[in-house]
Structures are given as structure tokens and as C-alpha cells.
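To keep things clear, I will list the structure first and then write my remarks on it.
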Amino acid sequence: MYDIIVVGGGPAGLSSAIYGGRRMLKTLVLAKNIGGQAAIAKNVENYPGIDSITGLDLVLKMKEQAEKFGAEIKFEEVVGIEKKDDKIIVKTNTAKYETKAAILSFGLTPRDLGVPGEKEYIGKGVSYCATCDAPFFKNKTVAVIGGGNSAIDAALVMSKIATKVYLVHRRDGFRAEDALVCQLRETKNIEPVLNSVAKEVKGGDFVEKLVVADVNDENKIRDLKVDGVFIEVGLLPKTEWVKDFLKIDENGQIAKDKKCATSVEGVFAAGDVSDAAYKQIIIAAGEGATAALAAHQYILKLAGKSIAESAPFDWGRCATTPKEKPNLY
Amino acid sequence: MELNEKKFNKEVLECEKPVLVDFWAPWCGPCKMLLPIIEDLEKDYKGKDIKIFKVNIDENPQIATKFHIMSIPTILIFEKGKVKKQLVGLQTKEALKKVIDKII
């Protein structure tokens with residue numbers, strides 16, 4: 001039986017694991033991978049105290065820190081959660097774990113386009129990561145789909161490598177940051193294709209064209225001859241599997257209170273998967289800490305200890321590792 | 001274990017056992033997220049009927065071109081010198097184990 005099971009290995013989850021470990025709580029992190037969206041960030045320059053670091057290096061440091069404080073990390077995908085009396089049962093594809101408290105911090109997942117040809121051509125021209133795959137499209141023509149920061153960033157990255165970049169967006173303007181839109185205007189080999197939606201990816205063995213339609217007139221079709229299609233249409237919280245277990249808000253995010261408590265006692269939520277107002281690494285990390293402290297308080301309450309004993313400060317921990325620790329709770 | 005072009009033929013194409021190769025590059029975030037999972041698999045399948053390798057495509061671009069890799073991370077599973085399975089993008093450890101267990 002664990003004290004805390006954290007679902008998700010991004011900044012929120014790892015921060016929960018650090019705080020859990022420091023409170024001498026037996027903590028397990030179940031994650032598909034380490035870092036989630038943060039790991040893909042090229043450069044993080046707004047995390048206080050750190051001048052500049054790649055997203056991956058930052059989350060790997062968090063992972064090391066969590067392990068140093070005794071948290072266990074397993075690469076397993078969580079598929080179910082339920083509560084029986086005071087026991088929370090977390091199911092993965094391969095195992096079942098029991099815990100006193102759970103922290104859900106599994107972040108956001110890139111959205112699919114959902115058009116014919118998309119899945120068939122993954123790895124054959126369709127890509128979800130411009131920084132990863134840009135070098136494969138040297139001197140070729142590509143289309144980037146989307147209108148947010150990540151889409152424009154992808155178009156700018158591709159413009160330096162590809163001969164021509166179409167930027168396909170369903171609105172009549174971009175909702176990205178001004179600085180990016182400004183760079184976009186200055187880049188000659190990017191052609192914005194506005195008021196247009198992607199309909200189909202076509203080709204032979206590899207991608208040959210992207211079919212787009214006018215948003216106002218479905219019959220106005222245009223074939224863009226491209227070798228690659230980069231999909232950057234935003235992120236979404238994958239919360240279907242918990243929707244019958246706890247309260248989800250109208251945007252599909254997990255609803256929580258100011259102590260990160262969800263509608264189920266003993267289950268907490270933190271970071272991008274929750275209704276956090278801003279999706280930022282520092283905020284996710286802060287929420288992870290809040291959730292772990294609240295979980296600690298909840299565990300003390302379960303054990304019948306007075307809540308006053310759990311001061312809202314983090315005093316660190318003694319030298320014993322959680323494996324050696326006496327049964328405190 | 002990291003492979004280069006020189007060793008690729010012998011270690012992968014001429015290998016009797018099935019071989020899993022993870023194609024990655026240092027500039028690719030999801031690739032780096034996959035590396036610890038691959039390392040975990042190397043440990044889990046040590047002594048079993050599969051060999052597991054990594055190929056840095058930045059240093060070995062010819063191999064990537066030869067197998068038409070256009071997106072990384074890509075995992076190819078070879079059997080008797082032929083590609084039996086291609087997995088593109090970040091994978092979970094469980095998904096990879098399922099694929100490997102089916103083959104060996």
C-alpha cells in the first residue's frame with residue numbers, strides 16, 4: 001500500500017513526488033514517460049533561478065530529485081482508478097496498485113487532426129514534431145496546420161530548412177504571440193492559407209498532397225502539393241477515463257479547489273490536466289507541491305492524527321530512506 | 001547499445017535473432033524521452049531472444065535514408081534482415097513489450 005500514487009511524470013507529478021518523498025510518504029509515480037509537454041520545450045527561460053535550460057534537462061533534474069527523496073518511478077500507463085472505502089485502487093495495463101491518496105497530473109496530449117490519411121502517413125510525411133523531423137524535409141515543400149504559438153513556431157523552424165511552407169489555419173488571423181506573428185510576416189517562404197481546413201492527406205508510399213477546403217464554402221477545394229504535413233492543432237486533456245469517477249469541468253479538465261482537492265476525497269489534481277488558469281511549468285510544479293501537501297494532510301487525517309501536526313511548511317526530512325522508515329501513519 | 005553504420009549490417013541485418021532498433025537524434029525531445037524506456041527494455045530483455053540497439057541518425061544519416069525514416073523517434077524491428085514492424089513516435093513501455101513479446 002502506497003501513501004501517494006502520482007499519475008503523470010511532468011513537472012506537476014515530479015514536484016508532487018519530491019514533496020511526498022520529503023514528507024516520508026511512500027510515493028509511486030506512474031507515467032507513460034518523463035516530462036510530457038515540458039520535455040519537448042526547446043528552451044525554458046522563465047523558471048525562476050534557472051537562466052536557460054532545455055525542457056528535457058529540467059524535468060530530468062526533477063526526476064533525479066524525486067528519486068533522491070525516495071519516490072519510485074514506473075513507466076506504466078494508468079487505465080483506471082476507483083475508491084473502495086478509504087482505499088484508492090489505481091490500475092495500469094499490467095498491474096494494480098493500492099494507495100491512501102492519489103494525485104492526478106497527467107497533463108495534456110497533442111490533438112489529432114482527425115482526417116483521412118493522417119494515421120496512414122505517420123512516419124511517411126505526417127509529423128507532430130517539427131523540431132524532431134525538420135531535417136528530413138530539407139529543400140522540400142511542407143504544410144503546417146494550426147494557428148497558435150506552436151504552429152507558427154513550427155512554420156518558422158521549417159522555413160529555414162524547407163523550400164516552401166504553407167501555413168494552414170481555419171480562422172482569418174493567427175492567435176499566436178505578436179512576436180511570432182511578426183517573424184512570420186517577415187519570412188518570405190511561408191504562405192499563409194487562411195480560412196481553410198485540412199480535409200485529407202493523400203499520396204502513394206509517402207505524402208504527396210494535402211487537400212484543404214474553404215471554411216465558408218466546402219466546395220472550394222485546393223490541393224497543396226507537399227512532401228510533409230506538420231500537425232500543430234493544440235493540446236487536450238485526456239480525461240474520458242476518469243469522467244465517471246470525479247468532476248470534470250466544461251473544458252474536459254479535472255475540477256479542483258484551492259488545495260488541489262477533486263470531488264473525490266483523497267484524490268487530488270495538479271498542473272495542466274486540471275483547471276489551472278495558466279499552463280506553465282512553474283505553475284504546474286507549484287500545484288504539484290500543493291497537491292502533495294494536501295495529500296499529506298489528508299493521510300494524517302485518515303490515520304486519526306490531528307491536522308495541526310501537519311504544519312503547512314516543508315521542513316525537509318531526516319536521513320532515513322522511506323524503505324527504512326517506521327510506519328508513521 | 002549504440003550502433004553505427006559500420007556495425008549495422010552485421011549486428012542487425014545478419015542477426016539470427018529479432019533486433020529492435022530505436023532511431024533517435026539529440027535535437028529531438030520525444031526521442032530523448034524514449035531513451036530511458038529503451039534502456040529499461042534492454043535490462044528487461046537481457047539474455048532473451050531479442051537484441052536492442054539505438055542509432056543516432058545525426059551521426060548515421062545513411063541508415064535513416066536507407067529505411068525511409070521521415071519522423072523520429074522511429075522503432076524498427078528486424079527479423080532475418082527484413083523490417084517486420086515500424087513504430088513511429090513516442091511509445092509506452094507496455095506497448096513496446098507487447099510488440100516484442102509477440103515476436104519472440
Side-chain angles (χ1 to χ4, degrees), chain A residues 9-10 30-43 54-60 63-64 73-79 92-95 109-110 119-138 140 142 157 203 205-207 227-231, chain B residues 21-45 52 54-77 83-102:
Chain A
L30 294 170
K32 279 163 76 174
N33 53 60
I34 293 298
Q37 289 305 310
I40 299 169
K42 264 177 296 180
N43 268 310
T54 68
L56 189 79
D57 286 341
L58 180 62
V59 293
L60 288 179
K63 173 182 178 265
E64 260 173 47
I73 297 172
K74 289 188 178 180
F75 291 120
E76 290 180 36
E77 185 175 1
V78 174
V79 293
T92 71
N93 279 338
T94 51
T109 311
K119 294 278 169 239
E120 292 88 315
Y121 284 106
I122 289 176
K124 293 169 180 166
V126 169
S127 170
Y128 299 86
C129 178
T131 43
C132 305
D133 300 336
F136 300 116
F137 296 88
K138 200 174 173 196
K140 300 210 166 165
V142 301
V157 166
D205 285 343
F206 301 98
V207 168
D227 307 292
V229 176
F230 287 81
I231 298 166
Chain B
V21 185
D22 169 31
F23 293 86
W24 72 286
W27 66 74
C28 156
C31 299
K32 287 170 132 185
M33 289 160 80
L34 187 61
L35 290 179
I37 295 174
I38 297 292
E39 279 156 23
D40 252 27
L41 288 175
E42 284 181 67
K43 274 181 225 149
D44 292 357
Y45 286 91
I52 296 173
K54 289 169 278 196
V55 170
N56 179 335
I57 63 132
D58 197 23
E59 290 165 4
N60 305 286
Q62 286 93 329
I63 307 179
T65 312
K66 185 173 173 189
F67 294 101
H68 304 290
I69 286 165
M70 291 175 88
S71 191
I72 46 171
T74 282
I75 287 174
L76 295 181
I77 300 181
V83 178
K84 278 281 149 180
K85 185 98 194 162
Q86 179 180 21
L87 299 157
V88 180
L90 189 52
Q91 308 290 326
T92 63
K93 190 176 160 186
E94 284 150 36
L96 289 171
K97 281 183 108 161
K98 229 182 234 174
V99 172
I100 296 172
D101 291 340
K102 228 183 218 174

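Every chain is numbered from 1, with letters handed out A, B, ... down the list of sequences.
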>> Tell me the closest heavy-atom pair linking F75(A) and P36(B), and the distance in Å.
In response: CZ-CB, 4.1 Å
>> Can you tell me which portion of L34(B) sits under 4.5 Å from chain A's heavy atoms? Options are side chain, backbone, both or neither.
In response: neither
>> Looking at every heavy atom in both D133(A) and I72(B), which two are closest together, and how far apart are they?
In response: OD1-N, 2.7 Å
> NZ of K93(B) to CG of N33(A): how many Å apart, nearest 0.5 Å?
Replying inline: 13.5 Å
> Any idea which of T74(B), I69(B), T65(B), L87(B) has the most non-hydrogen atom pairs under 4.5 angstrom with chain A?
Replying inline: I69(B)
> Considering residues, nucleotides and ligands other than K74(A), do more than 12 of their heavy atoms fall under 6.0 Å from its NZ?
Replying inline: yes
>> Taking NZ in K32(A) as the centre, count heavy atoms belonging to other residues, nucleotides or ligands within less than 6.0 Å. Is the count above 12?
In response: no
> Can you name the nearest heavy-atom pair linking M70(B) to K124(A), along with the distance?
Replying inline: SD-C, 3.7 Å
> Shortest non-hydrogen contact from G29(B) to C132(A)?
Replying inline: N-SG, 4.4 Å
> Can you name the closest pair of heavy atoms from E76(A) and E94(B) and give their distance?
Replying inline: CA-OE2, 2.9 Å
>> Is D58(B) close to chain A through its backbone or its side chain, or both, or neither, when contacts mean heavy atoms under 4.5 Å?
In response: neither
>> Once rounded to the nearest 0.5 Å, what's the spacing between atom CZ of F230(A) and atom OG of S71(B)?
In response: 7.5 Å
>> I'd like to check Y128(A) versus P30(B) (side-chain heavy atoms, cut-off strictly below 4.5 Å). Are they in contact?
In response: no
> Got a second to check how far Q86(B)'s CD is from I122(A)'s CD1, nearest 0.5 Å?
Replying inline: 10.5 Å
>> Less than 4.5 Å to any heavy atom of chain B: does that hold for the side chain of D227(A), its backbone, both, or neither?
In response: backbone
> Measuring heavy-atom distances to chain A, does I57(B) have an atom under 4.5 Å in its side chain, in its backbone, in both, or in neither?
Replying inline: side chain
>> Distance check, rounded to the nearest 0.5 Å: H68(B) atom NE2 versus D205(A) atom CG?
In response: 8.0 Å
> With a 4.5 angstrom heavy-atom cut-off, which part of L56(A) approaches chain B: side chain, backbone, both or neither?
Replying inline: side chain
> Take atom NZ in K84(B); do more than 12 heavy atoms of anything else shown fall under 6.0 Å from it?
Replying inline: no
>> Quick check: closest heavy atoms across A39(A) and M33(B), and the distance to 0.1 Å?
In response: CB-SD, 3.4 Å
